[in-house]
There are 2 protein chains.
Amino acid sequence: MSKEHELSQHVMTEQEATRSSNGCSHGGFKGLLDKSLAKMGLSKSEQKKLDREEELVDLAVAILNVHGFAGLSLEKLTAESRYSKGTIYNHFSSKEDCLSALCIRAISSILDLFKRALAFDGCSREKAVAVHYSYQLYARLEPTLFMTVLSSKAPGVREKTSLERQKIIDELEFEVNNFSDAMFRNAVADGSLKIPAHLTIETLTFSNWAMSFGTNILATSAAEAKAVNRLDPNTILLQNIGIVLDGMNWQPLSKDWDYQKTWQRVEREIFADDIKLIG
Amino acid sequence: MSKEHELSQHVMTEQEATRSSNGCSHGGFKGLLDKSLAKMGLSKSEQKKLDREEELVDLAVAILNVHGFAGLSLEKLTAESRYSKGTIYNHFSSKEDCLSALCIRAISSILDLFKRALAFDGCSREKAVAVHYSYQLYARLEPTLFMTVLSSKAPGVREKTSLERQKIIDELEFEVNNFSDAMFRNAVADGSLKIPAHLTIETLTFSNWAMSFGTNILATSAAEAKAVNRLDPNTILLQNIGIVLDGMNWQPLSKDWDYQKTWQRVEREIFADDIKLIG
DNA sequence: CGTCATTTTTGACGAATCGTCATAATATGG
DNA sequence: CCATATTATGACGATTCGTCAAAAATGACG
């Protein structure tokens, strides 16, 4: 009874796809997953599906940033995309599955940043500081995507996530853990870190993760809470991990080294381009 | 065309209200807000509204625990309560507002636990350990309610929360901060803690919060992740805050004191009754 | 090319939830 | 007992969810 659809042809199937994929200017990190896979032997349709998936995740990120967290719906994703309900559900088995796709995007990006941070020219503890810096950088550049990592862990979300994606997430987290473990092992190797009797590498990785994660989550999500806004957002994390690394007795201790300077060097020497985007 | 309502009288207005309020056996913490307010001069209708609000929050907690996070809807709350849509929306301006009400319940309970923990018989650092213990206890007893504290900080949620409740939350967090600050000031006073030059009381409160929060969040929400399940859930937090308190140089350091024993004493001497509920 | 089988895409649909609002019920006070 | 103010009710339109039969695109083969 209501109006007919007057534009039943929005079928410019290919041109737009490539255009929108190249011209993407949302300025976010995208990870390098696709590039490494693209070269391998994939059928044309598989490649096409991957491209579209990336396009859709881009769109989902955009929606997430505009409409916030609860505002992300596959309905909206459908409406703003060139595809229809069924196609969307062909990629994401549910809203939660889509969220997990965003989580994958986030963790991949973070891993990339970690690897860049590791190139910092300094002693092993300074490298660790650089890695924490990069983590905070991501939390500030992409606050919503950062939160994604947490929310995709909620039981309700994980349950509704496709097994494929669950597996990818697990693998990525495994990689992050290995990365962290390796960092500590290097420090042990070069003599600057002696692991206390009652602790293990695994504990150290976890405590670093917990502190950095907790700090960033609270700093980005509780920015207006009194406990947080009475502190300097730029150096809270530095101070907090300073305490942790001191507690692990990782040399040189804060009292013997100016990590503030390290922090600034990391900013200048590794992430100068990225920091501009914070505004 | 469909069925008529055959029971337009479910009007047993008072009896049920009081019965359900007393007989509540959900075993959760409820905080003590109401009791302290009940005695003041309140009109009958105001008192009734408060009672009903408590009843509704109880119900919401139950729904949250059964249907998980996304499953909490005011629709469901309406259906399971003795009231109707309009009445529910009279209490909670939105689903998010309801979530914030749960958050208030959670923070109140946590504050109660903190105060109980402070009664632990030990040195000032042991008291702090006891407080962290109580925090973890809550995270394990009421994982979903614990998460509530975080999710009610998400921008989308906070925006839709009534100003009243926002204010209550802010006040509660203020109280928690004061509590923590005071703990550190006591330690400074008794000489066991000397605040390092580059740090402040505020920083210490925040770093303790961040570590405890991060650890508990990761432990409860990422239990199946590899980084977490390779550790002993019962003592992760103890180890993590051990590192932090050592990093603050709070005496006696872990190497000079068996905090594992303290941890167990706290469990036995203060929270023996509560720990049974974990199963 | 044309044909037909397979795969992908479409959008209509029913169910659930959201928040609003006119109407009905109840409480209050003279 | 009535008049007025407050509160409760549930029907409603809008939005989202996930499904599915039908339509369209693809591509293998003659």
Side-chain angles (χ1 to χ4, degrees), chain A residues 1-14 16-17 43-53 55-56 60 63 67-99 156-157 159-162, chain B residues 1-14 16-17 43-53 55-56 60 63 67-99 156-157 159-162:
Chain A
M1 46 183 68
S2 58
K3 63 193 171 186
E4 298 288 323
H5 294 86
E6 352 192 337
L7 286 179
S8 46
Q9 32 105 340
H10 44 27
V11 213
M12 42 194 86
T13 331
E14 281 304 289
E16 267 205 26
S43 76
K44 203 169 290 182
S45 70
E46 280 168 323
Q47 182 56 51
K48 212 165 116 190
K49 188 162 185 182
L50 279 184
D51 287 345
R52 190 171 48 197
E53 179 123 343
E55 180 191 345
L56 288 177
I63 294 177
H67 296 90
F69 217 74
L72 175 63
S73 68
L74 292 194
E75 204 80 27
K76 232 173 248 153
L77 186 58
T78 296
E80 302 206 12
S81 77
R82 304 180 287 110
Y83 311 101
S84 72
K85 216 63 169 295
T87 304
I88 300 295
Y89 273 86
N90 222 9
H91 282 273
F92 310 115
S93 66
S94 67
K95 176 186 177 173
E96 287 76 16
D97 195 39
C98 177
L99 202 66
V157 175
E159 281 163 12
K160 290 189 175 178
T161 297
S162 67
Chain B
M1 43 184 70
S2 61
K3 62 194 170 188
E4 298 288 322
H5 293 89
E6 355 193 336
L7 285 179
S8 45
Q9 31 105 342
H10 43 26
V11 214
M12 41 196 84
T13 331
E14 282 306 289
E16 267 207 28
S43 77
K44 202 170 290 181
S45 69
E46 280 167 324
Q47 181 57 50
K48 214 164 113 190
K49 189 162 184 180
L50 279 184
D51 287 345
R52 192 171 45 196
E53 180 123 342
E55 181 191 346
L56 288 177
I63 294 178
H67 296 88
F69 217 74
L72 174 64
S73 68
L74 292 194
E75 204 80 26
K76 231 172 248 153
L77 186 59
T78 297
E80 302 206 11
S81 78
R82 305 180 286 111
Y83 312 100
S84 73
K85 215 65 170 291
T87 305
I88 300 295
Y89 274 86
N90 223 8
H91 282 273
F92 310 114
S93 66
S94 68
K95 176 185 177 174
E96 288 76 15
D97 195 38
C98 177
L99 201 67
V157 175
E159 282 162 12
K160 289 189 174 178
T161 296
S162 67

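Computed from heavy atoms alone, side chains included, the values below leave out hydrogens, waters and symmetry copies. Note that the structure is a prediction, hence the values are computed from the model and not measured. Order of the sequence lines sets the chain letters (A, B, ...), proteins ahead of strands, with each chain counted from 1.
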Has the side chain of K85(B) got a donor or acceptor atom sitting under 3.5 Å from an opposite partner on the base of dG19(C)?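 Flag set: donor-acceptor pair detected.
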
Take the protein atom [atom1] of [X] and the nucleotide atom [atom2] of [N], then report the distance between them rounded to whole Å.
X	N	atom1	atom2	result
R82(B)	dT7(D)	CZ	P	17 Å
L77(B)	dT9(D)	CG	P	13 Å
D97(B)	dT20(C)	CG	P	12 Å
H67(B)	dT17(C)	NE2	P	9 Å
L50(B)	dT7(D)	CG	P	13 Å
L99(A)	dC17(D)	CG	C1'	15 Å
H91(B)	dT7(D)	NE2	P	10 Å
E75(B)	dA11(D)	CD	C1'	12 Å

If you check the [X] side chain, which of [options] turns out closest?
X	options	result
N90(B)	dC18(C), dG11(C), dA8(D)	dA8(D)
Y89(A)	dG18(D), dC18(C), dT26(D)	dG18(D)
K160(B)	dG19(C), dC18(C), dT10(C)	dG19(C)

With a 4.5 Å limit on heavy-atom distance, are the side chains of D97(A) and Y89(A) in contact?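 Counting from C-beta outward, D97(A) and Y89(A) never come under 4.5 Å.
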
I want to check something: taking the side chain as every heavy atom from C-beta on, are F92(B) and L77(B) in contact at a cut-off of under 4.5 Å?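 F92(B) reaches L77(B) side chain to side chain.
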
Gap between atom OG1 of T161(A) and atom CD of E159(A) - 0.5 Å precision: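 It is 9.5 Å, given to the nearest 0.5 Å.
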
Rounded to the nearest 0.5 Å, what's the gap from CD1 on I63(B) to SG on C98(B)? Could you check?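 Separation between the atoms: 8.0 Å.
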
Result of checking I88(B), T87(B), L56(B) against T78(B) for side-chain contact (heavy atoms from CB on, under 4.5 Å):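 Option passing the side-chain contact (heavy atoms from CB on, under 4.5 Å) with T78(B): I88(B).
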
Please classify the nucleic acid contact of S93(B) as base, sugar-phosphate, or nothing, using heavy-atom distances under 4.0 Å.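 Nothing, no heavy atom under 4.0 Å.
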
G86(B) or K95(B): which one's nearest nucleotide on DNA chain C is closer to the 5' end?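 Its nearest nucleotide lies further toward 5', so the answer is K95(B).
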
Pairwise 5' ranking along DNA chain C for L72(B) and T87(A), keeping only the more 5' one: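 Counting from the 5' end, the first nearest nucleotide belongs to T87(A).
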
Both S84(B) and E96(A) contact DNA chain D. Which one's nearest nucleotide lies toward the 5' end?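 Looking at the nearest nucleotide for each, S84(B) comes out on the 5' side.
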
Contact under 4.0 Å: [X] side-chain N or O vs [N] OP1/OP2:
X	N	result
S73(B)	dC18(C)	yes
K76(A)	dT16(D)	yes
R52(B)	dT7(D)	no

